[in-house]
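Heads up: the structure comes next, in structure tokens.
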Amino acid sequence: MTKKNSPASDRNPVFNIRIAIPNKGRISVPIRELIEKSGLGIIDNGDRTLIARTRDKHVEILYARPIDIPEYVASGVADLGITGHDMVIERGSDVKELLNLGFGSASVVLAVPDDSDINEPGDLDNRRVSTEFPGLTRRYFKKIGVRPVIVPVGGACEATPSLGISDAIVDISSSGTTLRQNHLRIIDTVLKTSTYLIANPRSCINKKEKIDEIHLALESVLNAEGKCYLMMNVSRCSLDDIRTIIPGMGGPTIMDVASSADMVAVHAVVDEEMVYQLINRLKQAGARDILVMNIERLIR
């Protein structure tokens, strides 16, 4: 009798690491952009691709539904995954959340119709609550000691109260616009969520070096977001004034200029939103030959 291979053993042995990412949805585009900026890149990126190569011959990408990614990672089908914290909690999967990527921020909320007599979660005993997050919703109500009737739905959750399907909903909301359009009001926040890099606990041990490498690559891109690199020449007599203007990370770096004993080169990393005002102040304080450069990756 032939022994059946586990899903993890079916992968190409050339690849040491498999990363599961969303095949579609609101966070799929920023995730692919992050992977590209990190230097990994995705080589075969067609619409119907299930598994794609990266520029690193030891890393491959698995496209999956966001809700399935936590379980793929927990089971070892993938070593790493990128998905919402809400998906991890919904599945209750045994994974490690390594890094908050900071995008896709939203809240899973409990909402009722504007004209409802329900004003707090405790009013929902024996009432119907529709949701795309039945696991998360059951745990939430169990924690607060309320027993509603959970009605799982596959989409358009916000429409269910007006259709008479439910008395309340538990749904994800970023701006609240969709809720307002459907005449719903929030009575509680169930969970705050954003996009996370998650890992299989065993892979974190057996493949620690490679996972740390990928973690650092992604984190360095996030660290660089909203930062600029400033370079300028400054006369030594103006240096104290320049120091008080630049709010760089740990202070500016100061180096001698080989062609002039009176000049120094000043380098600093600053917030991009501050550059507009800084340039004029630095110029007035005696800086010249000012260069502003984008930062692709920043390792702290």
Side-chain angles (χ1 to χ4, degrees), residues 3-104 193-225 296-300:
K3 184 178 179 181
K4 186 177 179 181
N5 290 332
S6 67
S9 67
D10 291 339
R11 76 176 68 177
N12 189 331
V14 171
F15 296 104
N16 295 334
I17 297 289
R18 178 181 285 168
I19 308 173
I21 68 172
N23 55 358
K24 58 183 178 180
R26 65 192 179 96
I27 62 173
S28 64
V29 172
I31 287 172
R32 295 186 198 197
E33 290 176 348
L34 176 62
I35 291 172
E36 186 65 32
K37 290 178 180 178
S38 74
L40 274 175
I42 302 175
I43 296 175
D44 343 277
N45 202 11
D47 291 338
R48 296 182 179 274
T49 302
L50 176 62
I51 295 178
R53 295 174 297 154
T54 69
R55 295 192 191 101
D56 185 331
K57 67 180 182 179
H58 300 296
V59 180
E60 66 178 2
I61 300 295
L62 169 66
Y63 291 106
R65 295 193 311 157
I67 189 63
D68 294 331
I69 290 175
E71 198 52 38
Y72 284 170
V73 173
S75 66
V77 170
D79 303 289
L80 296 170
I82 301 179
T83 191
H85 174 64
D86 53 309
M87 301 298 175
V88 175
I89 300 301
E90 169 61 21
R91 281 299 183 111
S93 302
D94 180 20
V95 299
K96 292 186 68 174
E97 293 186 328
L98 298 182
L99 179 64
N100 184 349
L101 303 182
F103 53 80
T193 185
S194 63
T195 307
Y196 273 76
L197 173 68
I198 62 175
N200 176 280
R202 180 166 295 187
S203 295
C204 283
I205 298 171
N206 298 337
K207 304 178 181 182
K208 182 180 186 304
E209 184 175 349
K210 195 66 179 177
I211 286 178
D212 286 349
E213 178 183 299
I214 295 167
H215 183 174
L216 180 61
L218 298 178
E219 187 176 41
S220 68
V221 175
L222 299 176
N223 289 341
E225 288 183 355
E296 292 187 1
R297 295 174 62 178
L298 175 61
I299 299 169
R300 299 185 187 275

>> Show, in sequence, the C-alpha distance, side-chain angles and deciding distance for Lys208 and Glu213, and conclude whether the side-chain contact (heavy atoms from CB on, under 4.5 Å) test is met.
In response: CA-CA 8 Å; Lys208 182 180 186 304; Glu213 178 183 299; over 6 Å; no

> Under the side-chain contact (heavy atoms from CB on, under 4.5 Å) criterion, do His215 and Leu99 qualify, and how do the steps go?
Replying inline: CA-CA 8 Å; His215 183 174; Leu99 179 64; 3.8 Å; yes

> Going through the checks in order, is the side-chain contact (heavy atoms from CB on, under 4.5 Å) test met by Ile211 and Ser203?
Replying inline: CA-CA 8 Å; Ile211 286 178; Ser203 295; 3.8 Å; yes

>> What verdict does the side-chain contact (heavy atoms from CB on, under 4.5 Å) test give for Ile21 and Ile19, after you've listed the backbone C-alpha separation in whole Å, the side-chain angles of each residue and the deciding distance to 0.1 Å?
In response: CA-CA 6 Å; Ile21 68 172; Ile19 308 173; 4.0 Å; yes

> Run the salt bridge (charged side-chain N to carboxylate O under 4.0 Å, His left out) check on Arg53 and Glu60 step by step: do they pass?
Replying inline: CA-CA 5 Å; Arg53 295 174 297 154; Glu60 66 178 2; over 6 Å; no

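Applying the side chain to side chain contact (heavy atoms under 4.5 Å, CB included) test to Asn100 and every residue at least two apart in sequence or in another chain returns Ser194, Tyr196.
The local environment of CD in Glu296 is sparse, with at most 12 non-hydrogen atoms from other residues, nucleotides or ligands closer than 6.0 Å.
Closest of all the heavy-atom pairs between Asn200 and Ser75 is ND2-C, 4.3 Å.
No side-chain heavy atom of Thr83 sits under 4.5 Å from any side-chain heavy atom of Thr195.
Using a cutoff of 4.0 Å between basic side-chain nitrogens and carboxylate oxygens, Glu71 and Arg65 are not scored as salt-bridged. Residues Lys210 and Asp79 are not paired through a salt bridge, judged by the lack of any N-O separation under 4.0 Å between the basic side chain and the carboxylate.
Atom CZ of residue Arg32 and atom CD1 of residue Ile42 lie 6.0 Å apart, to the nearest 0.5 angstrom.
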